[in-house]
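Below: one structure, written as structure tokens.
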Amino acid sequence: MSPVRSITSHRVQAACAVLLALPLIGSAANHAFKWVAPPMDDGSRGAQMWQLIRDGGLMDWLAVGHLVIGILLLVPRTRFAAGVMQLPITIGIVAFNVTGFPRGIPLAVAMLAVNLGVVLRPKDLCRLFGRSAD
């Protein structure tokens, strides 16, 4: 890979990591400080599930996970690993919105796109699978 291509790939990965980290960290902060009210029950199964998650205390744990992954995405050394850890969660978020909370689909798909931007870096993928980047 040429140096220019490597630098461009690194910049795309970094930009995607920031775009993914900000809503994760923001979500955790909003849960702690309650700046914005959570989505109200609109009758959808997804909204009902959100209510159960909040009422049952699971959101506390999700907020901690969001915060940790968001911080790891901002650290260059842990960025790729954090993106790999977040990817199945992001796929689950897309599935949740497609099946139960349709108004969240655009944001979920955007989240998946930036998550893929973090992990689809050839050099990191080669290292993950123990292959040469040549």
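Computed from a predicted model, the values in this text were never measured in an experiment. Positions are given from 1, in the same order as the sequence printed here.
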Would you compute the distance between atom [atom1] of [X] and atom [atom2] of [Y] and round it to the nearest 0.5 angstrom?
| X | Y | atom1 | atom2 | result |
| --- | --- | --- | --- | --- |
| Ser44 | Arg103 | OG | CZ | 7.0 Å |
| Ile25 | Leu74 | CD1 | CG | 4.5 Å |
| Ile93 | Gln86 | CD1 | CD | 5.5 Å |
| Leu73 | Gln13 | CG | CD | 9.5 Å |
| Ser9 | Leu120 | OG | CG | 9.5 Å |
| Ile53 | Gln51 | CD1 | CD | 10.0 Å |

Next item on the list: Evaluate the criterion side-chain hydrogen bond (donor to acceptor under 3.5 Å, both in side chains) for residue pair Arg45 and Gln48; output intermediate values, then yes/no.
Entry: CA-CA 5 Å; Arg45 291 181 310 219; Gln48 293 168 355; over 6 Å; no

Co-membership, hydrophobic cluster, residues [X] and [Y], 4.5 Å side-chain:
| X | Y | result |
| --- | --- | --- |
| Ile105 | Val94 | yes |
| Val98 | Phe101 | no |
| Leu116 | Leu128 | yes |
| Leu62 | Leu72 | no |
| Phe96 | Val109 | no |

With a 4.5 Å heavy-atom cut-off, do [X] and [Y] have their side chains touching?
| X | Y | result |
| --- | --- | --- |
| Val118 | Phe80 | no |
| Arg121 | Val12 | no |
| Asn115 | Ile91 | no |
| Met85 | Ile69 | yes |
| Ser27 | Met59 | yes |
| Asp60 | Val64 | no |

Next item on the list: Start with the C-alpha distance between Arg79 and His10, add both sets of side-chain angles, then the distance that settles side-chain contact (heavy atoms from CB on, under 4.5 Å), and finish with yes or no.
Entry: CA-CA 11 Å; Arg79 181 169 291 146; His10 178 73; 4.2 Å; yes

Residue pair [X] / [Y]: nearest heavy atoms and the distance that separates them:
| X | Y | value |
| --- | --- | --- |
| Ala29 | Trp35 | CB-CZ3, 3.6 Å |
| Val119 | Val84 | CG1-N, 3.4 Å |
| Cys16 | Gly117 | SG-CA, 3.6 Å |

Margin query: When you measure from the side chain of Asn97 to the backbone of Ala108, do you find a donor-acceptor pair of N or O atoms at a distance under 3.5 Å?
Written below: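 Side chain of Asn97 to backbone of Ala108: no pair is present.
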
Next item on the list: Could I get the full list of ring-ring contact (aromatic ring centres under 6.0 Å, His included) partners for Trp61, not counting sequence neighbours?
Entry: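 Residues passing ring-ring contact (aromatic ring centres under 6.0 Å, His included) with Trp61: none at all.
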
Note to self: Going by ring-ring contact (aromatic ring centres under 6.0 Å, His included), name the residues that satisfy it together with Phe129, two or more places apart in sequence or in a different chain.
What the structure shows: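 Here no residue qualifies.
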
Next item on the list: Test side-chain contact (heavy atoms from CB on, under 4.5 Å) on Met111 and Leu24 and set out the steps.
Entry: CA-CA 10 Å; Met111 189 175 181; Leu24 292 173; 3.8 Å; yes

Item checked: With Val114, the side chain to side chain contact (heavy atoms under 4.5 Å, CB included) member among Val18, Leu20, Thr90, Leu22 ->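 In the set Val18, Leu20, Thr90, Leu22, the residue that makes a side chain to side chain contact (heavy atoms under 4.5 Å, CB included) with Val114 is Leu20.
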
